Amino acid sequence: MEEKVLSIDSATNELIKKAKEDGVETIFDRKENMKPCPMGEKGICCRICAMGPCRITPKTPRGLCGATADVIVSRNFARMVAGGAAAHSDHGRDIAHVLHMASKDGNYKVTDEVKLMELAKRWKIETEDRDVYDIAHEVAEFALNEFGKPFGTLEFPPSLPEQREKVWKDLNVVPRSIDREVVTIMHSTHVGCTADADSMLNISMRTAISDGWGGSYIATELSDILFGTPVPRETEANLGVLEENQVNIILHGHEPSLSEMIVLAAEDPELLALAKEVGADGINLAGMCCTANEVTMRHGVKIAGNFAQQELAILTGAVEAVIVDVQCIFPALAPLADCYHTKFITTSPKARITGATHIEFDEEKALESAKQIVKEAIFNFKNRKKEKVFIPQTKSHAVVGYSTKAIINQLDKVVNSHIDIAGTVKPLADCITSGVLRGAAGIVGCNNPKVKHDYGHIEMIKELIKNDVIVVTTGCAAQAAAKAGLLSKDARKLAGKGLATVCELVDIPPVLHMGSCVDISRILELVGLVAKHLNVDISELPVVGAAPEWMSEKAVSIGTYVVASGIDTWLGVAPPVTGGPRVLEILTSEMENMVGAKFFVEPDPVKAAHQMIERIEQKRKGLEEKF
Ligand code: WCC
Ligand code: FE2
């Protein structure tokens, strides 16, 4: 029988083969045996109370309480949004706490003072004659208050166009505070509350907006203040970045408060000496999922791979430790690590995993904790079994680190200093209105074994850039792009003429790495600024979004806030809503009348890309009539 090719990435396929030889199981095997529940897939199973679970069938069109398919589907959808918004926002809150403990002599310091002052000004916090850290602490307190303030509404960042705010006001979806919106969903979906799909989706939008323009935005801004706003830097991506003769440490998860300290610890001369003592040439850090994005954006740390490759890193037999904090971590890593010498180290009380070594990361003693964790990895080097090691030779060059500010700086290269002011998005807006760039697409999200690994991301991105659509990317999509060489400046040879020219003039790759999943706030910021510059709403811009291989609740929240922000969004995998005709109608059609954008579901990435281009051209026409 011919082997099924499960990934477009050769390193991944080689290691899937090794898994067979080693007799261990991966997600790709589990996928073979798993038959998804057809009720769950359509969203028509209700487990919200204990009278059921109720399943909607032709014979039982209502649950015991009388809930219809649409009610059940909309409640399930809302709870996915709540789960996703909670995860992103709690990440933001943790970073705010870290900023609150920052001090001149401590482990956590203020790195981007300019950004701190901007935020202080925006939030009307006194800055004159004050110590930077006093200001930082007050900024952190203000941010923390956004999560649970009892009155008023969320403070929106200045990148939000007023037209968009008005749309939200009219729909009554302006969030109050971030936690409150998550709680409202949990309350409204409790048995006996909201039983109206329209209203449920309205509440979902409000919660999702509190994630994108609130919790995630705060996570990004405060991370930049603490650890620096990213600037372009070079790196490499794929499992080939692991080193034969070094202590290999995989950093996996999300919050940069842990990974930043590990980066510091790995540079510690004492620990480097220790690594030599155990016979290694050095300490090699490599990232996975969003932690990879965070540390590569700020330090150029190499990218080991994306979500579907986490087990494969262990399978190389060359990883001394996988260090994780929260989100997107397979529990499967624990039994798998037992088959190799790898130490699987959990660090957060929010994500303990049976079978892992738990070393709790104490932010108060951050560097000390980080050093202890790195030491564990070093001491484990001697346990590596040479005969079990296989590091694929695949890796690609990539340029990462395009924060909004970095993009603006880059664009200043083409500013005509006689008529333009540097430091604005005007050149980008000009490229778009003139048609040199047809438009922009944000390609984000996970891997999902329902899609051939990385295929969805890469085929879509290639098709878009070929057609002069510039791509910005975050999350595991960004890592797919990095591995495929699309974040390299050389990739401009795959771009259409207009895009290739812009890339050459501005000295950028055709696909810009903008960070982690919470950094989709950077994409919102960029499109918001361009819209404001042109004095139009975001929904009028030739801008689209897609998550070709999404799988997490966070992605559902993201998709919802991106659409609510006025950006059409393509999903490569259908969300579990197909059993609710009204829900489906709202998401894929009526939302357009409400917020000027909607969801599209298209599993074929090339077809999806062409639908995206068509929408971009429609929006261009609208813009042309205006300008
Ligand atoms: Ni964001 Fe998706 Fe990766 Fe996890 S790290 S797998 S949510 S894209
Ligand atoms: Fe992520």
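Start at 1 and go down the list; that is how both ligands and their atoms are numbered. Just so you know, these numbers come straight off a predicted model, no measurement behind them.
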Whether Asp90 and Lys350 form a salt bridge (side-chain N of Lys/Arg under 4.0 Å from carboxylate O of Asp/Glu) is what I want to check. yes

We want to know whether Asn293 and Gln479 form a side-chain donor-acceptor pair, criterion being a heavy-atom distance below 3.5 angstrom. yes

If you measure from each heavy atom of Met551 to ligand 1, is any distance below 4.0 Å? yes

Please report which non-hydrogen protein atom sits nearest to atom 2 (Fe) of ligand 1, along with the residue it belongs to and the distance in Å to one decimal place. Cys446 SG, 2.4 Å

Keeping Thr342 on the side-chain end and Ala321 on the backbone end, is there a donor-acceptor pair under 3.5 Å? no

In terms of relative ring orientation, are Phe599 and Phe77 parallel, tilted or perpendicular, with 30° and 60° separating the classes? perpendicular

Below 4.0 Å from any atom of ligand 1, is there a heavy atom belonging to Gln327? no

Test Lys554 against Asp211 for salt bridge (Lys or Arg N to Asp or Glu O under 4.0 Å), laying out the working first. CA-CA 9 Å; Lys554 291 181 288 178; Asp211 170 357; over 6 Å; no

What are the atoms of ligand 1, with element, lying closer than 4.0 Å to any heavy atom of His254? 5 (S)

Atoms of ligand 1 less than 4.0 Å from Phe307 heavy atoms? 6 (S)

Which heavy atom of the protein is the closest neighbour of atom 1 (Ni) of ligand 1, given with residue, atom name and distance? Cys517 SG, 2.1 Å

Using 0.5 Å steps for rounding, measure from the OH atom of Tyr561 to the OG atom of Ser521. 6.5 Å

Numbered in order shown, the ligand 1 atoms found under 4.0 Å of a heavy atom of Gly445 are 8 (S)

Numbering as shown, the atoms of ligand 1 that approach Cys289 to under 4.0 Å (heavy-atom distance): 5 (S)

Opening angle at the Fe ion (ligand 2) [SG, Cys290; SG, Cys517; to 10 degrees]: 80°

For ligand 1, is Ser552 a contact, meaning one of its heavy atoms is under 4.0 Å away? yes

One should read off an interatomic distance between Leu160 CG and Ile209 CD1, to the nearest 0.5 angstrom, of 9.0 Å

Closer than 2.8 Å to the Fe ion (ligand 2), do we get an N, O or S atom from His254, backbone or side chain? yes

Can you list the ligand 1 atoms lying under 4.0 Å from a non-hydrogen atom of Cys290? 1 (Ni), 5 (S)

Determine, for Phe227 and Arg298, whether the Lys NZ or Arg CZ falls below 6.0 Å from the six-membered ring centre while staying within 45 degrees of the axis. no

Side chains of Thr229 and Asp112 only: does a donor on one sit below 3.5 Å from an acceptor on the other? yes

Measuring to atom 3 (Fe) of ligand 1, does Cys476 have an N/O/S atom at a distance below 2.8 Å? yes

Quick one: look up the protein heavy atom nearest atom 4 (Fe) of ligand 1 and list residue, atom name and how far away it is. Cys328 SG, 2.2 Å

Closer than 4.0 Å to some heavy atom of Lys554 - which atoms of ligand 1 meet that? 4 (Fe), 7 (S)

With respect to the Fe ion (ligand 2), please indicate if Cys446 possesses an N, O or S atom at a distance under 2.8 Å. no

Working to the nearest 0.5 angstrom, can you tell me the gap between His453 NE2 and Asn447 CG? 4.0 Å

